[in-house]
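Scope of the values below: all heavy atoms of this structure, side chains included, with no hydrogens, waters or symmetry mates. We count residues from 1, following the sequence as given.
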Amino acid sequence: MSAPAPDPGATGPAGPSDLTRLRERLTEFSEARGWQRYHLPKNLVAALAVEAAELQEIFQWMTPREAAEVMADPETAHRVRDEVADVLAYLLRLCTVLDIDPAAALDAKIERNETRFPRAGTAGEE
């Protein structure tokens with residue numbers, strides 16, 4: 001039996017989880033600039049799609065080998081990290097606005113996928 005997954009909203013000796021801390025920090029950042037009025041679900045989803053496309057653009061014309069080694073080039077690695085951060089920021093803002101626990105949602109999705117997609121070599125076995 002495996003150990004249970006950590007509670008994403010739990011606090012430990014160091015305080016709130018990273019996701020909780022980041023969501024709070026993004027909310028404070030947004031509120032300090034008066035942006036929350038723009039952070040409607042449809043706007044956040046659109047921004048998320050744009051940022052995901054910007055991440056995709058970095059890889060667009062790379063060979064599979066170049067893509068696998070993308071982090072070896074410091075300038076490109078910096079761009080990848082920035083775009084990943086933008087995607088995550090908009091996803092976390094969306095989760096906050098819609099009151100979704102992203103870690104719990106992912107955990108539930110993995111559980112459903114484990115049922116839908118059995119381990120290799122176990123399909124049809126009883």
Side-chain angles (χ1 to χ4, degrees):
M1 178 182 270
S2 62
D7 178 359
T11 58
S17 73
D18 286 343
L19 283 181
T20 299
R21 182 183 58 78
L22 289 170
R23 288 174 67 179
E24 290 169 356
R25 190 169 178 197
L26 285 166
T27 297
E28 290 170 9
F29 183 89
S30 171
E31 288 174 352
R33 288 153 181 81
W35 292 352
Q36 65 274 28
R37 67 179 176 250
Y38 305 112
H39 286 188
L40 305 172
K42 74 169 197 70
N43 294 349
L44 292 167
V45 169
L48 177 59
V50 169
E51 295 302 338
E54 289 178 5
L55 178 60
Q56 182 181 23
E57 183 181 29
I58 296 169
F59 292 86
Q60 185 174 8
W61 302 113
M62 289 183 179
T63 65
R65 182 181 179 148
E66 290 169 335
E69 298 172 356
V70 71
M71 300 308 283
D73 175 54
E75 183 178 325
T76 307
H78 176 71
R79 290 177 53 216
V80 169
R81 280 191 297 274
D82 275 358
E83 296 307 334
V84 166
D86 289 343
V87 168
L88 182 58
Y90 280 115
L91 183 58
L92 291 177
R93 283 297 295 145
L94 179 66
C95 287
T96 299
V97 167
L98 295 178
D99 195 27
I100 296 170
D101 178 339
L106 178 56
D107 195 45
K109 180 67 175 186
I110 291 169
E111 284 185 29
R112 285 192 305 278
N113 283 344
E114 287 173 337
T115 301
R116 288 180 59 206
F117 307 103
R119 291 177 184 257
T122 61
E125 293 180 5
E126 303 209 10

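- Sparse packing is recorded around OH of Tyr38, with 12 or fewer heavy atoms of other residues, nucleotides or ligands lying under 6.0 Å away.
- One finds the OG1 atom of Thr27 at 9.5 Å from the NE2 atom of His39 (value rounded to the nearest 0.5 Å).
- Considering CD of Gln60 and CE of Met62, their distance stands at 10.5 Å, rounded to 0.5 Å.
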For residues 82-90, which side-chain N or O atoms pair as donor and acceptor with protein atoms under 3.5 Å away, sequence neighbours left out?
unit_1	atom_1	unit_2	atom_2	d
Asp82	OD2	His78	NE2	3.3

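- Nearest heavy-atom pair, Glu31 versus Gln36, reported as atom, atom and distance to 0.1 Å: CA-OE1, 3.4 Å.
- Between the CG atom of Leu40 and the CG atom of Leu94 there is a distance of 11.0 Å, given to the nearest 0.5 Å.
- To the nearest 0.5 Å, the span separating CG on Leu55 from CD on Glu57 amounts to 10.0 Å.
- Note on Leu98 and Leu48: same hydrophobic cluster, where clusters join Ile, Leu, Val, Met, Phe, Trp and Tyr whose side-chain heavy atoms are under 4.5 Å apart, directly or indirectly.
- Hydrophobic clustering (side-chain heavy atoms under 4.5 Å, transitive across Ile, Leu, Val, Met, Phe, Trp, Tyr) keeps Leu91 apart from Leu106.
- Under the side-chain contact (heavy atoms from CB on, under 4.5 Å) criterion, Ala77 pairs with Met71, Arg81, not counting sequence neighbours.
- With sequence neighbours left out, Glu69 forms a side-chain contact (heavy atoms from CB on, under 4.5 Å) with Arg65.
- Residues forming a ring pair (Phe, Tyr, Trp, His ring centres under 6.0 Å) with Phe29 (at least two apart in sequence, or on another chain): Trp35.
- Under the side-chain contact (heavy atoms from CB on, under 4.5 Å) criterion, Pro102 pairs with Leu19, Arg23, Leu92, Cys95, not counting sequence neighbours.
- Here Glu114 pairs with Ile110, Glu111 under the side-chain contact (heavy atoms from CB on, under 4.5 Å) rule; sequence neighbours left out.
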TODO: Begin from the C-alpha positions of Val97 and Leu44 and carry the test side-chain contact (heavy atoms from CB on, under 4.5 Å) through to its verdict.
DONE: CA-CA 9 Å; Val97 167; Leu44 292 167; 3.7 Å; yes
